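Note sheet for the following structure.
All figures in this text were calculated on a predicted structure; none of them were measured in a lab. Every chain is numbered from 1 and lettered A, B, ... according to where its sequence line falls, protein lines coming before strand lines.
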Amino acid sequence: MAAGGPLSTDDLVQLLTPAGERIGHQQFDAYASHLTPEELRAMWRDMTLVRAFDKEATSLQRQGELGLWVQSWGQEAAQIGSGHALNSQDFVFPSYREHGVAHTRGVDLVEVLRIFRGLQHGAWTPADHNFHLYTLVIGSHALHATGYAMGLTKDGLVATGDPAKDAAVVAYFGDGATSQGDVAEALTFASVYDAPVVFFVQNNQYAISESATRQSRVPIADRGKGVGIPSVRVDGNDVIASHAVTRWALEHARSGQGPVLIEAFTYRMGAHTTSDDPTRYRPKAEEQLWAERDPIARLEAHLEAAGELPDEFRAEVEAQAKALGERTRTTVRGWTKPDTLGMFDHVYAEPHASVEAERAWFDRYQRSFADQEATR
Amino acid sequence: MAAGGPLSTDDLVQLLTPAGERIGHQQFDAYASHLTPEELRAMWRDMTLVRAFDKEATSLQRQGELGLWVQSWGQEAAQIGSGHALNSQDFVFPSYREHGVAHTRGVDLVEVLRIFRGLQHGAWTPADHNFHLYTLVIGSHALHATGYAMGLTKDGLVATGDPAKDAAVVAYFGDGATSQGDVAEALTFASVYDAPVVFFVQNNQYAISESATRQSRVPIADRGKGVGIPSVRVDGNDVIASHAVTRWALEHARSGQGPVLIEAFTYRMGAHTTSDDPTRYRPKAEEQLWAERDPIARLEAHLEAAGELPDEFRAEVEAQAKALGERTRTTVRGWTKPDTLGMFDHVYAEPHASVEAERAWFDRYQRSFADQEATR
Amino acid sequence: MTTLDERPATARTQHAAASGSGARAERPAPTTMTMAGAINAGLRAAMERDPKTLLMGEDIGALGGVFRVTDGLHKDFGDDRVMDTPLAESGIVGTAIGMAMRGYRPVIEIQFDGFIFPAYDQITTQLAKMHYRSGGAIQLPVVIRVPFAGGIGAVEHHSESPEALFAHTAGLRIVSPATPQDAFDMIQQAIASPDPVMFFEPKARYWDKGEVDTTRVKAQLDTAAGASTGTAEMSRARVAREGSDVTVVSYGPTVRLALQAAQVAAGDGTDIEVIDLRSISPLDSDTVVKSARKTGRVVVVHEAPTSFGSGAELSSRVHEQAFFHLHAPVLRVGGFSTPYPGAVFEHDYLPSLDRVLDAVDKVMAH
Amino acid sequence: MTTLDERPATARTQHAAASGSGARAERPAPTTMTMAGAINAGLRAAMERDPKTLLMGEDIGALGGVFRVTDGLHKDFGDDRVMDTPLAESGIVGTAIGMAMRGYRPVIEIQFDGFIFPAYDQITTQLAKMHYRSGGAIQLPVVIRVPFAGGIGAVEHHSESPEALFAHTAGLRIVSPATPQDAFDMIQQAIASPDPVMFFEPKARYWDKGEVDTTRVKAQLDTAAGASTGTAEMSRARVAREGSDVTVVSYGPTVRLALQAAQVAAGDGTDIEVIDLRSISPLDSDTVVKSARKTGRVVVVHEAPTSFGSGAELSSRVHEQAFFHLHAPVLRVGGFSTPYPGAVFEHDYLPSLDRVLDAVDKVMAH
Ligand SMILES: Cc1ncc(C[n+]2csc(CCOP(=O)(O)OP(=O)(O)O)c2C)c(N)n1
Ligand SMILES: Cc1ncc(C[n+]2csc(CCOP(=O)(O)OP(=O)(O)O)c2C)c(N)n1
Ligand SMILES: [Mg+2]
Ligand SMILES: [Mg+2]
């Protein structure tokens with residue numbers, strides 16, 4: 001791809017070099033200056049836990065305990081960095097790979113696996129975490145995020161001057177999603193209504209097998225220019241930079257200045273999902289190159305160089321990761337199939353004749369087997 | 001609307017001042033320098049004829065001879081200027097208001113009225129004029145245009161070096177259409193596949209009652225920036241400038257350099273359609289202001305100042321306009337309802353059991369009335 | 001024009017009883033309204049009832065919508081509650097979903113039937129499924145108003161009847177009023193309902209007039225259980241005319257036609273029972289089956305193409321549940337398996353009085 | 001796994017006769033293929049037959065599609081004829097329409113059933129109507145391949161059966177193969193057809209194996225009338241098993257189930273005739289009605305929700321045309337009126353052997 005294309009690494013905001021060295025940035029330094037070693041350690045912990053969980057889920061899928069698993073491997077910095085920039089009153093619309101963000105919103109990662117075990121389509125109550133359900137239909141939720149943000153404005157929760165009140169929305173989606181008409185319409189609505197929404201694109205360079213060059217001939221961040229939305233490209237493997245630009249964007253949105261588009265340039269280190277086979281479409285050398293740019297290792301190098309990653313802390317996180325892995329295994333294996341009649345629940349909020357009739361029929365039908373059993 | 005918004009008149013390419021004075025332009029002068037007085041008169045003639053026809057159709061609708069009419073009034077310069085830039089091998093995808101372009105493609109304007117009399121949905125054979133049917137579903141045809149252009153590339157009809165062979169596509173649509181997901185997807189496909197397509201947006205400032213500020217907070221031309229498509233804003237009431245930028249864009253596309261987006265800034269001088277009532281949503285003063293910027297008057301002033309609009313020519317065009325009006329009236333009034341069974345034709349290219357059965361049933365059913373009549 | 005389809009006596013009394021309102025004594029005289037006027041009044045009442053109710057659509061503000069159904073509302077409720085949107089139907093439905101998640105009750109106007117399809121994905125995969133996929137945690141009380149069906153001599157894409165294309169998807173309620181009274185009541189019940197509702201307005205009936213009692217639904221919706229009662233009520237079919245020989249079932253634009261057919265047939269000694277379904281999802285097949293068991297003959301009428309239309313579902317259910325009571329198979333009278341043709345053909349394309357009577361004759365032949 | 005639904009003897013002989021091919025003598029031994037392999041081979045044959053045939057979709061190039069149905073084709077035909085597209089279904093269908101206008105025959109892969117809806121407007125208002133609105137001047141030979149239906153334990157949106165949502169729209173042909181042989185033949189007939197065809201591939205059957213004779217359809221399509229003959233042939237139902245007591249009608253994924261039911265019922269002394277519709281639009285109701293007149297009892301099986309599904313249309317037509325031959329009403333066995341549930345429930349949700357046999361028992365009770 002020519003320079004300036006969607007895989008270009010020019011103009012990425014960076015606050016940590018790949019070697020872990022903290023560097024300055026005229027605009028965004030201010031949004032990272034509050035980060036204490038403790039907070040950086042918290043990010044490192046979150047990234048490490050999410051990756052451990054991700055691995056565990058992958059192996060549970062291999063063992064047949066899950067139907068599918070979607071890894072966030074490689075995208076932890078973009079997710080945890082941005083997730084740590086959120087206030088509790090902000091609302092998030094994830095795609096399906098945002099386990100890192102889910103974790104920062106207090107969603108129990110283990111519960112997420114209910115979806116991938118086929119028990120239910122949504123596995124948490126969005127209002128409890130200000131974190132919407134995963135959306136699998138690419139791009140659809142960008143519009144929901146925009147509408148929710150428009151609602152925040154109507155509710156008077158933007159530009160109040162009270163930081164404990166001002167709220168914004170973040171919509172996460174991928175490079176591939178930016179080709180969808182719905183995402184374009186979301187950008188249009190957001191800009192026209194000045195909605196307090198941050199579009200956070202994780203450009204992980206692939207939409208399943210397709211390179212981001214298949215979606216755009218310019219950087220994905222340019223999509224903002226088409227509708228007058230300010231945008232920024234950030235090194236998505238740099239957790240500090242990802243955090244800083246998101247803080248900036250959220251302040252922009254919460255203060256009534258309208259939407260922002262962030263492109264976090266990163267890499268999907270694993271397969272698209274456990275059903276995918278990346279050897280068919282990308283060279284091992286590329287994977288290796290990006291393995292060397294591991295986002296967790298980068299923060300680790302930074303903290304170590306500063307002497308801020310003591311062994312006790314490492315050990316503590318390691319133990320937590322292990323415990324999470326164990327809890328994941330035992331919980332998932334303990335899940336049993338719920339009552340079949342539950343399949344008919346919640347189709348509507350009010351009774352609907354077809355659903356009621358079919359539920360009643362199925363109940364009788366199921367019982368008829370039980371009765372047959374009983375009379376044998 | 002703030003400066004820089006979609007109603008801004010800054011940065012419009014102009015080659016004729018509103019007073020009709022020919023001015024220079026660094027980039028685009030070269031694309032107008034070939035225009036002889038004769039060619040300018042031809043444009044004036046076309047604009048005048050199209051407007052006369054438009055008026056005639058409007059009064060036919062008032063008389064109940066047409067179900068609806070969609071005026072092109074006020075947009076003649078954008079349409080005739082760009083239409084005159086087309087080569088015969090280029091292909092056009094119009095929206096529903098492009099009567100001016102239709103005329104330049106050799107479509108008999110009177111035939112267009114078949115659609116508005118409810119006789120048929122399409123009233124010409126697209127391949128005969130390299131002019132597709134009107135499309136009423138806003139924005140849909142932008143994708144067809146892009147696909148057609150991709151086909152031109154596959155056919156080796158782009159960048160051949162032979163100007164008689166190189167071809168491109170022009171898709172016409174309005175400011176409102178630019179909000180549709182389909183238009184965004186068309187821009188994406190066109191840019192990624194470097195399709196030889198020119199997106200020609202007539203920003204007539206309204207989508208029915210809605211101001212263009214409801215669709216965008218930046219100039220519509222900026223939509224190109226989002227996907228890396230070069231774009232230009234032109235004074236759409238300046239026929240010479242509209243012509244010049246379209247020539248440039250077509251050469252760009254035909255020579256394999258990919259798509260272009262043109263925003264022609266103009267004004268819908270009439271109602272949206274004969275069903276519309278603009279007094280409900282726009283001030284008379286605005287209409288008057290734009291009446292003073294009439295695109296035909298502008299070219300007329302230019303030609304007159306140059307002594308290039310002799311009375312005989314005026315008289316000739318006037319006679320042609322009158323003749324066209326008369327032919328329109330008599331032709332339209334002469335149209336009778338075609339055979340009802342034709343309603344079942346062309347649903348499929350190959351026989352389809354449901355259509356065949358229903359046609360046969362309807363035939364019998366209709367005949368049963370005739371039989372009843374006969375036996376009375 | 002006075003409509004033939006006003007049989008308020010039975011239907012209204014029945015409703016009043018159902019809603020348990022005791023306000024009959026103080027009920028003011030009913031007003032005459034067009035259907036468009038009744039919807040306008042219903043929207044206004046809903047907006048006054050609940051400040052979270054807002055309208056979204058193309059040209060619904062200053063213009064009042066291309067059919068003027070929202071006339072005056074923008075003036076009275078302002079930009080914030082009557083929102084002219086960008087020209088993007090998927091965007092309208094998608095952002096409405098987000099607003100509903102934030103506690104609003106968006107009422108969308110889609111300009112014409114043929115322009116609902118760009119929003120099809122948002123309606124089918126998002127709006128319809130959110131309550132289910134969230135295990136009941138998220139309600140989306142979104143109403144999508146669609147002026148639909150033909151008969152007005154319009155150009156392409158302005159006369160379609162796409163209701164069956166939505167009824168197959170669980171999670172949506174699909175209703176269509178046939179009278180000003182129902183239009184007034186049902187739009188308010190639809191807005192009050194916690195479920196997404198597609199509200200199909202028979203545009204050819206917009207200017208038909210009828211008496212409207214504006215008090216009944218108000219009393220209903222002001223109660224705590226109003227949303228439930230209202231949802232249940234708009235989901236029930238209405239016997240628009242009682243009869244004993246043949247049941248003619250219809251909804252929306254063609255109910256008037258069914259009543260005309262009944263009037264003509266009465267002259268020939270055939271007593272037609274006319275059922276106005278009002279709701280397509282749920283489909284109140286119980287009411288139809290009851291009638292079918294009585295008359296033994298059923299004809300279904302709608303404008304949508306017969307093939308794979310909602311009449312197919314109704315026909316199947318009546319056969320399944322009343323087979324041994326039927327003297328003849330259920331017949332369907334609908335549009336043909338072609339795109340909606342040019343306006344000069346529309347009266348050939350659409351179900352006509354003759355075609356309905358022809359079907360009635362056929363079922364009566366057994 | 002060997003499939004139960006292979007009855008090539010009758011069906012194939014019938015076809016060979018229909019196509020009038022005299023090549024029987026030199027016919028090579030049939031090959032064993034999976035359905036996915038058969039579609040792959042059919043695509044390859046179509047691409048070799050006509051250089052204007054090209055493939056479009058997400059991940060169909062280097063990856064070979066998420067089901068590997070286009071495996072190897074990108075390698076052999078290159079970027080220009082196997083096009084990985086941007087992630088935008090409306091864009092794929094819309095640009096395919098433009099390419100078809102320019103003389104190409106695009107074959108689109110939609111990755112999963114649940115992702116067809118963003119393209120719904122282009123399919124319904126553009127692809128389906130162009131031939132009609134152009135008065136026959138524009139043909140759009142576009143094929144849309146949709147891996148559909150459930151049974152593979154997938155997450156949301158990956159197991160849906162949306163065929164009825166397209167069958168109601170005139171201008172589209174809707175087909176679905178149930179065997180590798182039909183998959184191989186029908187994909188080529190669909191591509192050769194001058195009409196737009198939606199080709200629903202039962203994804204749970206992709207890995208079922210069967211014998212495929214690769215010569216017959218070749219001989220057919222190489223003739224001048226091949227496109228017409230092929231279109232007509234893929235539009236006809238196939239009697240997959242002859243029987244005298246009950247007709248079980250199905251298509252695509254559930255044909256195997258119908259044949260299993262027939263086998264089990266045979267043990268109980270009930271002789272089931274199994275009809276594989278193959279085409280949903282047009283619906284070959286003649287073949288079904290003929291069978292219904294013979295057996296007097298009909299059960300329709302499909303995975304899509306029963307309500308407003310294609311079974312409703314079939315049931316209505318059978319009643320309309322064979323009412324006085326029926327001993328019992330036509331019964332339908334389908335999915336429920338809920339969104340497709342979580343994978344742990346899918347075997348409760350989907351038609352099962354027990355549910356089909358239960359319906360057979362019910363119609364046999366009369
Ligand atoms: C509308 C729609 N089309 C197709 C798919 C199938 N699909 C699932 S993920 C995916 C790729 C998404 O790529 P991207 O947006 O870059 O996100 P990533 O998976 O890389 O995080 C595709 C095509 C889908 N889920 N939805
Ligand atoms: C998908 C769709 N939605 C709505 C409409 C109704 N409609 C017809 S024209 C129009 C306004 C179009 O505005 P614009 O694109 O600016 O074109 P103009 O009419 O000004 O030339 C609308 C909303 C439509 N035709 N198609
Ligand atoms: Mg990606
Ligand atoms: Mg406009």
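Annotation for B/Arg280 and C/Asp71: closest pair NH1-OD1, 3.0 Å, computed over non-hydrogen atoms. The shortest non-hydrogen separation linking B/Asp276 to C/Leu63 is OD1-CD1, 3.9 Å.
Contacts of residues 351-366 of chain C with chain B at a heavy-atom distance below 4.5 Å involve C/Ser352, C/Asp354, C/Arg355, C/Asp358, C/Lys362, listed in sequence order. Residues of residues 329-336 of chain C lying within less than 4.5 angstrom of chain B, judged on heavy atoms, are C/Phe336 in numerical order. Of residues 332-343 of chain B, those residues with a non-hydrogen atom less than 4.5 Å from any non-hydrogen atom of chain C are, in numerical order, B/Lys337, B/Pro338, B/Asp339, B/Thr340, B/Met343. For residues 76-88 of chain C, heavy-atom neighbours of chain B at less than 4.5 Å comprise C/Asp84, C/Thr85, C/Pro86, C/Leu87, C/Ala88, sorted by residue number.
Contacts of B/Phe362 with chain C are made by side-chain atoms alone, with heavy-atom separations under 4.5 Å and no backbone atom involved. With a 4.5 angstrom heavy-atom cutoff, B/Tyr348 does not touch chain C via any of its atoms. Contact annotation for C/Phe112: neither backbone nor side-chain heavy atoms come within less than 4.5 Å of a heavy atom of chain B. At a 4.5 Å heavy-atom cutoff, the contact between C/Glu58 and chain B is made by backbone and side-chain atoms alike. C/Phe115 touches chain B through its side chain: at least one heavy atom from C-beta onward sits under 4.5 Å away, while N, CA, C and O do not. Of the two parts of C/Ser90, neither the backbone nor the side chain holds a non-hydrogen atom closer than 4.5 Å to a non-hydrogen atom of chain B. Looking at B/Leu68, only its side chain comes within 4.5 Å of chain C, counting heavy atoms on both sides. Heavy-atom distances place the side chain of B/Ile138, and not its backbone, under 4.5 Å from chain C. In this structure, chain B has no heavy atom under 4.5 Å from any part of C/Phe67. In this structure, chain C has a heavy atom under 4.5 Å from the backbone of B/Ala177, while its side chain stays farther away. Only the backbone of B/Arg117 comes within contact range of chain C, with at least one heavy atom under 4.5 Å from a heavy atom of that chain.
No more than 12 heavy atoms of other residues, nucleotides or ligands shown are found within 6.0 angstrom of CZ on B/Arg367.
Shown are B/Leu136, B/Val70, B/Thr273; of these, the side chain to side chain contact (heavy atoms under 4.5 Å, CB included) with C/Val155 is made only by B/Leu136.
Between the side chain of C/His157 and the main chain of B/Thr135, no donor-acceptor pair closer than 3.5 Å is present.
With respect to chain C, the highest number of heavy-atom pairs below 4.5 Å among B/Gln120, B/His352, B/Gln180, B/His346 belongs to B/Gln180. Most heavy-atom pairs under 4.5 Å with chain B: of the set C/Asp59, C/Thr306, C/Ile152, this distinction falls to C/Asp59.
Atom OG of residue B/Ser354 and atom CZ of residue C/Phe308 lie 7.0 Å apart, to the nearest 0.5 angstrom. Annotation: the span from C/Phe345 atom CZ to B/Phe344 atom CZ amounts to 10.5 Å, rounded to 0.5 Å.
Here the side chains of C/Arg68 and B/Asp277 are in contact, with some heavy-atom distance below 4.5 Å.
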